[in-house]
Structures are given as C-alpha cells and as structure tokens.
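The structure under discussion appears below in the form of structure tokens.
Because the structure is a prediction, the values reported are computed rather than measured. Convention: sequence-line order gives letters A, B, ...; per-chain numbering from 1.
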Protein chains: 2
Amino acid sequence: MPKKIHKRDAQVSKALIITNAIQLFSQKGYASASMDDLAKMCGLNKAMVFYYFKNKKGLYEAVMTQVLEEIQQKILKENEKYTKPIEELESFIRTYAKFACSHPYLPALLLKELSDSGAVFPEMLFTSMRQLFALFSDILKRGEEKGCFHDTMPMILYFMVLGTLNLIVTTKPLREEAAQKEDILLDTCAECDIDQIADYLIEKMKQMLKEKK
Amino acid sequence: MPKKIHKRDAQVSKALIITNAIQLFSQKGYASASMDDLAKMCGLNKAMVFYYFKNKKGLYEAVMTQVLEEIQQKILKENEKYTKPIEELESFIRTYAKFACSHPYLPALLLKELSDSGAVFPEMLFTSMRQLFALFSDILKRGEEKGCFHDTMPMILYFMVLGTLNLIVTTKPLREEAAQKEDILLDTCAECDIDQIADYLIEKMKQMLKEKK
DNA sequence: TATAATTAACTAACCAGTTAATTAATTAGG
DNA sequence: CCTAATTAATTAACTGGTTAGTTAATTATA
C-alpha cells in the first residue's frame with residue numbers, strides 16, 4: 001500500500017484509481033473486487049472512487065473502455081504499416097499476442113466478461129469489441145476478394161485467435177506449475193514463449209485459409 | 001422456487017443442491033453466487049448446504065468435479081467407437097461442441113475458472129482438466145506416429161478447440177442481440193447452429209494437421 | 001430409541017455507497 | 001503582491017443491507 005506522495009491532482013488520482021482497478025478487477029473479477037481494498041491500494045480514501053466514478057459499475061466501465069481502447073489503438077496503428085491481407089492478419093495476431101502477454105489483465109478481463117455474456121458490462125461491450133472484430137473481419141474479406149483467402153467464417157476464426165491466445169496467457173501460471181509436478185509425457189507448453197505461439201498460430205491460420213472449399 | 005415435494009432423502013437433497021448450484025455458479029460466478037439464494041432455489045434450508053458440503057468452496061468443488069466428470073465420460077465413451085486418429089479427433093470436437101451447446105453451464109464455468117487461472121479451484125482443476133487434455137494430446141500423438149498428422153502442438157491446438165467452442169456458446173445471446181441492431185455487413189454468425197460450427201472447425205483442423213512443416 | 005435430516009434464529013464480518021466537515025488550490029479584488 | 005472568497009479535492013465516520021457460516025433445537029426415519 002503506497003502512501004500518497006502526489007499533490008492534490010484530480011488527473012493523477014483518477015489515473016491512480018483506474019490503474020489499480022485494472023489490476024484488481026482482472027485478478028478478482030467484478031464481484032469480488034472490493035472498493036475498500038482498491039482505496040487502500042491507491043492510498044486514497046474510498047469516497048474518492050465514488051467522487052470520480054459515481055459507482056462501482058461506472059469505474060468498471062471506465063476500466064473496460066480504457067483497456068479495450070488501448071489494444072484497439074495498438075492494433076490499428078500496426079495495421080497501417082501493411083497492405084497485403086496476409087501481412088495484416090499476421091500483424092493482428094502478433095500484436096494481440098504480444099500485448100496480451102505483457103498486459104495479462106487484458107485476457108483476464110476479456111474472458112471474464114465474455115463468459116458472462118456481458119453480464120456486467122452489456123451495452124458498451126460490443127460497441128468496443130465490435131470494432132476489433134470489424135477490423136479482423138475486414139482483413140479476411142479483403143483477402144477473400146483478392147483470392148488469397150478461402151472459405152472464411154470470420155466470427156469463428158476470430159474466436160479461434162482470441163480464444164487461443166487468451167487461454168494461453170491466463171493459464172500460464174497454471175501450466176508452469178503443472179509442468180513441475182507432471183509426468184514428462186504431457187507437454188503443457190510451459191516454456192513456449194509468446195512469439196513461438198504466435199508464429200505457430202499464424203502458420204496454422206495460413207494453412208487454414210489457403211485451401212479452397 | 002419449487003416447494004419441496006420430496007421425502008427426507010439425503011441423496012435427493014444433495015443432488016438437488018448440486019443441480020441448482022451448477023446453474024447458479026455458471027450464471028453468477030463463484031463470488032456472486034449467494035448461498036441464501038441457492039437454498040431458496042432448492043426449497044431447502046440454507047444450513048443444508050453446509051451440512052452436506054461443509055462450505056461454499058466445498059460445494060463449488062463438488063460442482064466442478066461433477067461437471068468435468070460428465071463431459072469427460074461422454075467424450076471417452078464416444079471415443080471408444082473409433083480407431084483412426086482422424087475419426088477420434090472429429091468425435092472429440094463434435095461431442096464437446098454438442099454437449100457444450102446443450103449444457104451451456106459447462107463453457108461458462110470453464111471460462112470463468114480458466115480466466116482466474118484456477119483461483120477458486122486450484123488443485124483439482126488440473127487433476128480433472130488434465131485427463132481431457134491427455135486424451136486430446138494422445139489422439140494427436142498417435143496420429144503423428146501413424147503419419148496422418150503433422151506439426152502438432154497439442155496444448156495450443158487444445159486451447160484452439162476449447163477456446164473457440166466455449167466462446168461461441170457463451171457469446172450466443174450477445175451475438176444474437178447484436179445481429180438485430182447491427183449493420184448487415186458484420187456477420188456475427190448468430191444463426192449458425194452448433195453442427196455447422198463443429199463441421200467447420202473439424203475441416204480447418206484437418207487442413208492444419210495434414211501439412212508437413 | 002437412536003440416528004440422520006431439517007429448521008429457525010443468530011452472528012460477525014464485509015460491502016457499496018453517503019454525508020458533512022475539512023483541507024488545499026485557484027481566482028478575484030484592492 | 002497580498003488577501004479574501006470560491007471552488008475543487010480529500011477525509012472520517014457512518015448506514016443499511018448482504019454474506020458465509022454456526023448452533024441448538026426439532027422432526028422424521030430405521
């Protein structure tokens with residue numbers, strides 16, 4: 001619990017709350033995240049949370065918006081560097097993989113939210129999530145028009161990519177622990193780094209997309 | 001809230017609690033599932049829950065064990081019908097897909113648990129989950145030895161299958177809602193039935209596995 | 001009669017959210 | 001440039017409701 005070293009500054013306090021809330025929500029989930037704990041983490045009074053974000057749900061929405069905005073901007077920016085659909089797809093997967101690995105709160109928050117079917121955060125979930133999917137879907141469609149992709153079902157392929165990468169990241173501690181006590185026969189991919197995994201995924205996606213029905 | 005119509009019977013009461021707990025935990029998540037609510041759903045006194053399962057965690061473990069046992073038995077039984085790795089893989093995917101679709105509590109519970117890295121249910125998670133993965137991994141390995149599969153990374157492919165199917169099932173209500181208000185340009189696969197999706201996944205898996213590195 | 005199943009009533013901790021008072025920073029006026 | 005008034009940020013203390021879990025008494029069954 002860090003003591004407050006910062007001056008009175010709304011911007012700073014607000015950012016401090018969001019930063020800690022990202023950690024808390026991603027680790028404990030919405031219901032188990034305590035606003036008392038959050039205030040202690042921030043070194044602020046609990047009332048500040050409600051002063052800036054009205055209520056718990058408001059804070060959660062701010063957290064999700066920021067996190068989704070972050071990854072979306074990153075992917076869009078990377079995407080601009082490429083023109084060929086294959087390269088764009090590769091960039092999408094690699095960027096998401098790297099970001100998810102270095103910011104593991106993203107997969108945790110996303111999987112929790114999706115496993116609830118957006119129970120906590122119903123409206124804004126697809127407003128924000130849709131845009132990422134739209135980009136992915138668009139890449140596939142353009143690839144199909146150009147004749148380099150075949151037999152695409154964007155929604156399924158999207159879940160394939162996100163599902164795989166999110167599970168790989170969130171289960172990492174579990175798989176590492178398993179690797180120690182398990183027999184060697186069962187490879188839990190505990191030592192694979194995220195680049196290897198992204199490479200493998202990309203190659204497999206290429207194989208899936210190049211074949212005509 | 002059904003009134004109790006059953007006689008005094010430990011077996012019946014216990015089963016009643018588990019059945020309702022599966023629904024409750026899968027809908028609300030571990031933290032938000034209230035034992036008071038559960039007792040009301042069962043038409044029993046709350047103390048019964050603690051009488052039979054000691055505490056909330058004990059009940060949750062019983063729920064997870066039963067649910068994982070259920071799907072595992074189903075898949076193992078189906079698997080016996082086949083001998084060729086390709087058929088076994090196909091059966092694995094199709095059986096999981098169908099079961100997940102008709103018992104949507106499974107994907108909900110699994111995704112919640114995995115997004116926590118087994119926070120609630122640490123020990124038994126991989127004891128039970130491992131067996132399913134072991135079967136999947138085994139199918140791939142035997143296929144590779146026989147020369148019909150190539151370049152397999154079982155852990156990644158496992159998450160690919162489970163990740164895709166689980167997300168497809170849990171997001172179904174979300175995607176259907178989206179389909180109504182969204183532009184037609186973005187296909188959320190709202191009308192796809194689970195057999196189509198399983199077919200597509202199986203075909204894509206075949207394409208991925210047949211190619212040599 | 002002994003044992004197992006069930007209940008009502010209780011507790012102590014926790015939680016989201018409120019309130020009214022206090023402190024610090026900003027601005028305006030002389 | 002200083003000070004008084006205004007506004008914004010922060011706090012302690014509180015509330016009402018909920019929660020997991022307990023206990024001791026009661027009912028049914030074998």
Set of ring-ring contact (aromatic ring centres under 6.0 Å, His included) partners for B:F25, sequence neighbours left out: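 Per chain and number, B:F25 pairs via ring-ring contact (aromatic ring centres under 6.0 Å, His included) with B:Y30, B:Y60.
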
Value in whole Å for how far the [atom2] atom of [N] lies from [atom1] of [X]:
| X | N | atom1 | atom2 | result |
| --- | --- | --- | --- | --- |
| B:L38 | D:dG21 | CG | P | 13 Å |
| A:M48 | D:dA12 | CE | P | 12 Å |
| A:D9 | D:dA9 | CG | P | 8 Å |
| B:F53 | D:dA20 | CZ | C1' | 16 Å |
| B:L16 | C:dA5 | CG | P | 15 Å |
| B:L59 | D:dG21 | CG | P | 10 Å |

Dot-bracket for DNA chain D, please. Rules: Watson-Crick or G-U, both distances under 3.5 Å, ( ) within the strand, [ ] when a pair crosses earlier ones, | for another strand, . otherwise. ||||||||||||||||||||||||||||||

One thing to verify: whether A:R94 and A:D195 come together as a salt bridge, which I'm taking to mean a side-chain N less than 4.0 angstrom from a carboxylate O. no

Answer yes when B:K14 and B:D9 have at least one side-chain N-carboxylate O distance shorter than 4.0 Å, and no when they do not. no

CD of A:Q73: more than 12 outside heavy atoms within 6.0 angstrom?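 Yes, the 6.0 Å shell around CD holds more than 12 heavy atoms from other groups.
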
Counting only heavy atoms not in A:K141, do more than 12 fall under 6.0 Å of its NZ?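 Yes, the 6.0 Å shell around NZ holds more than 12 heavy atoms from other groups.
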
Between B:Q11 and A:A47, which residue's closest nucleotide on DNA chain C lies nearer the 5′ terminus? B:Q11

Determine whether A:E78 and A:K81 satisfy the following criterion, salt bridge (charged side-chain N to carboxylate O under 4.0 Å, His left out), listing intermediate values before the conclusion. CA-CA 6 Å; A:E78 284 297 312; A:K81 297 180 188 167; 3.1 Å; yes

If you round to the nearest 0.5 Å, how far is CE of B:M41 from CE of B:M35?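 Going from CE on B:M35 over to CE on B:M41, the span is 10.0 Å.
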
Please list, one pair per line, the donor and acceptor atoms closer than 3.5 Å that link side chains of residues 153-167 of chain A to other protein atoms, with sequence neighbours excluded.
unit_1 : atom_1 : unit_2 : atom_2 : d
A:T164 : OG1    : A:M160 : O      : 2.5
A:N166 : OD1    : A:Y96  : OH     : 2.7
A:N166 : ND2    : A:L162 : O      : 3.2

On the side chain of B:N45, is there an atom forming a donor-acceptor pair with the base of C:dA8 - under 3.5 Å, no angle test?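 Side chain to base: pair found, below 3.5 Å.
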
Say whether, by atom type as modelled, one donor and one acceptor occur between the side chain of A:S91 and the main chain of A:E87 under 3.5 angstrom.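 No.
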
Using the side chain to side chain contact (heavy atoms under 4.5 Å, CB included) criterion, which residues pair with A:K206? Sequence neighbours excluded. A:I86, A:E90, A:I202

Close N or O pairs between protein and nucleotides 4-8 of chain D (under 3.5 Å):
none

What orientation do A:Y105 and A:H103 show, parallel under 30°, tilted 30 to 60°, or perpendicular over 60°?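 Aromatic pair A:Y105/A:H103 classed perpendicular.
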
Measure from the side-chain heavy atoms of A:F50 and tell me the nearest of D:dT11, C:dA5, C:dG17. C:dG17

For nucleotides 10-15 of chain C, 5' to 3', base contacts (B), sugar-phosphate-only contacts (S) and non-contacts (-) with protein non-hydrogen atoms under 4.0 Å give -----S

